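It should be emphasised that the depicted structure is a prediction, and the values quoted were computed from it without experimental measurement.
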Amino acid sequence: AARPHAGGRGGTPSRSRALSTLSARLAEGFSAAFGGAPSGVVRAPGRVNLIGDHTDYNDGFVLPMAIGLETLVAWRRADAQEVWVVALDM
C-alpha cells in the first residue's frame with residue numbers, strides 16, 4: 001500500500017539528501033570564491049502569483065502558489081560596506 005506523504009519541512013528522504021548535497025556544493029563554491037567557510041546557508045522556496053503582483057496590499061486578490069524551484073544562499077558577514085555575489089550555476 002502507498003504511504004501518504006507526511007509533508008513538513010523535511011520532505012522526502014531523497015529530497016533531504018539532494019538538499020544536503022546542494023548545500024555542500026554551495027559551501028564548497030563559497031569557500032573557493034571567498035577563501036573561507038560561510039557562516040550559514042539559507043533556502044527560499046520558489047513561488048508565483050497567478051492572479052497578480054502587488055495587489056494584496058491594495059485589497060486586491062492574489063493566488064500565490066509554490067513551484068518546484070528554490071534559491072539557496074551561502075553568507076558570511078564582512079567588515080566592508082559592500083556585498084559580493086557569486087552564482088554557481090551561471
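- Annotation: the span from Leu22 atom CG to Leu88 atom CG amounts to 8.5 Å, rounded to 0.5 Å.
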Please output the side-chain donor-acceptor pairs of residues 33-46 that fall under 3.5 Å, not counting sequence neighbours, one pair per line with the distance.
| from | atom 1 | to | atom 2 | distance (Å) |
| --- | --- | --- | --- | --- |
| Arg43 | NE | Glu70 | OE1 | 2.6 |
| Arg43 | NH2 | Glu70 | OE1 | 3.2 |

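- Side-chain contacts under 4.5 Å among hydrophobic residues (ILVMFWY), followed directly or transitively, place Val83 together with Val85.
- Within the 4.5 Å cutoff, the side chain of Pro64 has no heavy atoms near those of the Val48 side chain.
- Separating the OG atom in Ser20 from the CZ atom in Arg25 is a distance of 13.5 Å, to the nearest 0.5 Å.
- Leu72 and Ser23 get closest at one heavy-atom pair: CD2-OG, 3.7 Å.
- Linking Ile, Leu, Val, Met, Phe, Trp and Tyr whenever their side-chain heavy atoms come within less than 4.5 Å leaves Val86 and Trp75 in two separate clusters.
- With sequence neighbours excluded, no residue forms a side-chain hydrogen bond (donor to acceptor under 3.5 Å, both in side chains) with Gln81.
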